[in-house]
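Working notes for the structure below.
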Amino acid sequence: MARRKHPGLVPAALLSYRQGGPWGAPAGLGLPAGDRAGELARGVLKEGMRPGMRFSQLFGRTLRQEPAEAETASHRLMLKAGMIHQVAAGSYAYLPLAHRSLRKVEQIIREEMDAAGSQELKMPALQPLELWQETGRAAAFGQNLFQLRDRRDRPLVLAPTHEEVVTQMVRAHVKSYRDLPLILYQIQTKFRDEPRARAGLIRVREFDMKDAYSFDADEEGLGLSYGRMVEAYKTIFRRCGLPALAVEADPGAIGGKDSQEFMLPTEAGEDTIVLCPACGYAANAERATGVPPPVSPEDRLPLEEVATPGCTTIAQVAAYVGVPESKTLKAVFYVADGRLVFVTIRGDLEVNEVKLGRVLRARELRMASDAEVSEAGLVAGYASPIGVKGVTILADASVGQGANFVVGANRPGYHLRNANVPRDFQPDLVADIALAQEGHGCPKCGSPLRASRGIEVGHVFKLGTFFSERLGATYLDPRGQQRPVVMGCYGIGVGRLLAAAIEQNHDEKGMIFPPPIAPYEVYLASLNVENEAVRQAADDLFQQLQGAGIEVLYDDRAESAGVKLNDADLLGFPVRLVVSPRTVKQGSVEVKGRREEKGRVVGMPQVVEAVQGMTMTR
RNA sequence: CGGGGCGUAGCGCAGCCCGGUAGCGCACUUGAAUGGGGUUCAAGUGGUCGGCGGUUCAAAUCCGCCCGCCCCGACCA
């Protein structure tokens with residue numbers, strides 16, 4: 001830690017940043033009175049945040065080498081910059097720089113949620129397990145739910161989300177249609193015992209989330225609330241400087257109607273999204289519909305057996321028989337809630353397990369083991385939907401869009417060619433269970449789809465009456481009828497948003513913060529602090545900037561120029577100011593934007609104005 | 001949970017095979033020089049070698065068990 005003057009005992013009133021306490025400025029110097037109104041007008045974000053900080057007193061240090069464990073850019077850079085500190089797998093402390101960014105994100109979220117008419121509150125993270133059993137979600141979350149017991153041995157959970165509690169609370173306080181509509185939100189710590197935490201703040205086990213819940217009298221009301229939240233989200237991401245993309249998402253186990261995810265496109269993303277450059281269709285690959293490449297029509301030929309020794313994969317079979325993969329049928333076996341399901345799909349396509357699970361209404365879905373497959377009388381690698389009994393056969397829609405397929409013969413070393421539906425076998429169910437892939441046709445306009453990776457930073461969801469029915473959250477309508485409230489929920493991962501922003505905005509030297517969420521707006525470096533004139537000029541400039549309400553980290557450390565300039569690039573604030581013997585001699589300062597190649601020299605009296613010109617973008 | 005890798009100073013690593021004084025670079029402290037892209041020299045501080053047990057005269061090193069962390073997969077309202 002940097003050496004500093006011990007603050008000693010200072011009356012509390014003097015510690016306010018307005019007074020210029022020993023942390024914000026040298027004792028005794030004090031800060032100019034400043035223009036608080038003007039400062040706030042530049043962005044309510046500054047509320048409660050001290051605008052200036054000396055690097056020599058900042059908690060957290062930048063590292064020369066990067067911790068070996070970090071691979072993802074945001075993880076690596078945040079560790080290197082001393083912004084985060086790992087405490088356990090998926091559990092991080094936010095040091096002051098990260099904390100400032102997070103507070104800015106939260107503040108933007110608050111402003112937009114408030115503007116959309118929702119009310120902030122805060123619910124407990126510690127909740128009785130019983131509440132989660134009432135809705136069946138204790139089982140649905142399974143191992144992901146953190147559970148613990150109190151001293152009286154009562155089972156408790158650390159909440160992964162708050163639908164149960166908010167619904168229970170609304171049940172007690174909402175009685176009439178006159179109490180609706182209602183949107184409540186909080187920014188709260190969530191706990192999820194993820195199977196694998198990864199990539200720094202991208203997937204963690206303890207994280208802060210803004211979660212909002214809407215309560216309406218009917219579906220139409222829900223539509224309005226949902227629309228308002230979508231608009232608020234667009235504004236939030238735009239204000240954070242992030243081009244988040246709204247994509248159709250899978251509604252999940254609760255079975256709501258609409259669901260959209262807000263994705264930030266980046267290679268480090270965990271999700272695949274498919275989008276149509278022509279018409280704007282965009283969906284999570286879990287959910288997306290793609291039109292598979294067509295196959296040319298042909299006459300139905302008679303079924304015949306062919307020997308295919310050693311051909312147990314689609315690629316081998318297609319090559320051996322001499323047909324394209326799109327003229328074969330793939331057989332995949334799943335166990336859905338204990339029941340074996342024979343899934344067949346055109347050989348050039350992949351099964352989308354999310355769609356499959358939804359079609360089967362399965363709570364638990366997994367691939368079948370080889371043993372389970374042979375117990376059902378099927379031959380792995382040569383399994384055939386033709387002549388199978390006692391097993392549910394589910395065919396992808398693509399099976400009906402081709403003819404004369406090569407399928408297994410259900411005996412080792414043989415396949416059948418010229419299989420046709422429904423002539424040769426009749427599926428119990430035909431549905432779209434194919435994974436949409438790059439190059440498939442857009443379901444809206446037919447143009448080729450593109451695929452991209454993305455990080456989910458927000459999710460909005462129409463819940464309907466799932467929770468209100470189970471927990472008895474009802475209201476009386478104007479005719480005195482008791483009805484369940486209709487709900488929606490809306491989440492944004494705050495820390496993940498910060499990580500995603502860095503993921504998307506960095507170069508080989510460091511982070512490049514979108515200005516609205518940068519920890520500070522300005523990095524002020526003094527080169528050669530031993531030089532009294534430099535020190536004096538930099539100190540003065542530091543005071544001036546703070547007085548103008550500009551957020552500035554003043555690098556007053558006795559470090560070499562290289563160290564300071566590299567740290568400036570690493571931390572990636574929007575503006576870098578350099579005061580050096582050279583600039584002092586000219587009565588000027590070097591001003592450089594983080595994305596700019598070269599700085600420019602600005603006369604000392606014009607510096608504040610120049611900086612304001614570069615940071616007033618919000 | 002399956003596969004792989006790793007735990008030695010705040011960070012990056014060597015030492016381990018072949019048992020015998022715990023080392024290097026960075027960071028940190030002191031002094032001197034330097035002063036626009038991780039500068040130089042000198043002298044220092046800092047370590048339960050992840051934990052427990054075993055073998056041995058002697059364990060960072062060999063053996064066993066456990067714990068933690070990372071990556072891939074599975075999983076993921």
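Chain naming here is simple, since letters A, B, ... match the order of the sequence lines and numbering starts at 1 in each.
As the counterpart of B/rC69, B/rG5 is assigned, both hydrogen-bonding distances of the Watson-Crick or G-U wobble pattern falling under 3.5 Å. Of the nucleotides present, B/rC26 is the one that pairs with B/rG10 by Watson-Crick or G-U wobble criteria, both distances under 3.5 Å. Checking B/rC18 for Watson-Crick or G-U wobble geometry (two distances, each under 3.5 Å) identifies no partner in any strand. Across all strands shown, B/rA32 forms a Watson-Crick or G-U wobble pair, both distances under 3.5 Å, with B/rU40. If you check B/rC75 for Watson-Crick or wobble pairing at under 3.5 angstrom, you find it has no partner at all. Across all strands shown, B/rU61 forms no Watson-Crick or G-U wobble pair with both key distances under 3.5 Å. For B/rC49, there is no paired nucleotide, since no Watson-Crick or G-U wobble pair has both relevant distances below 3.5 Å.
For the side chain to side chain donor-acceptor pair (under 3.5 Å) condition, the pairs that include at least one residue of residues 569-584 of chain A, sequence neighbours left out, are A/Arg576-A/Glu590.
Regarding A/Met263, its CE atom lies at a distance of 15 Å from the P atom of B/rC76, rounded to whole Å. Here the C1' atom of nucleotide B/rC71 and the CZ atom of A/Arg198 are 9 Å apart, to the nearest Å.
Note on A/Arg196: every side-chain N or O is 4.0 Å or more away from OP1 and OP2 of B/rC1. One finds a side-chain N or O of A/Gln86 lying less than 4.0 angstrom from the OP1 or OP2 phosphate oxygen of B/rC70.
A/Glu530 contributes no side-chain N or O that forms a donor-acceptor pair with the base of B/rG35 under 3.5 Å. No donor-acceptor contact under 3.5 Å links the side chain of A/Ser560 to the base of B/rG35.
The neighbour count for A/Gln143 CD, taken as heavy atoms of other residues, nucleotides or ligands under 6.0 Å away, does not exceed 12.
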Taking it one step at a time, do A/Trp132 and A/Glu164 satisfy side chain to side chain donor-acceptor pair (under 3.5 Å)?
-> CA-CA 7 Å; A/Trp132 287 75; A/Glu164 276 78 0; 4.8 Å; no
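Within the 4.0 angstrom heavy-atom criterion, no nucleotide atom of any strand lies near A/Asn531. A/Asn144 comes within 4.0 angstrom of no nucleic acid atom, judged by non-hydrogen atoms across all strands.
Side-chain atoms of A/Lys564 come within 3.5 Å of backbone N or O of A/Ser526 as a donor-acceptor pair.
Scored by the side-chain hydrogen bond (donor to acceptor under 3.5 Å, both in side chains) test, A/Tyr185 finds A/Asp114, A/Glu120 as partners (sequence neighbours excluded).
Nucleotides of RNA chain B nearest to A/Glu66 and A/Leu570 differ in position, and the one nearer the 5' end is that of A/Glu66. Along RNA chain B, the nucleotide nearest A/Val87 and the nucleotide nearest A/Asn566 are compared for position; the residue whose nucleotide lies closer to the 5' end is A/Asn566.
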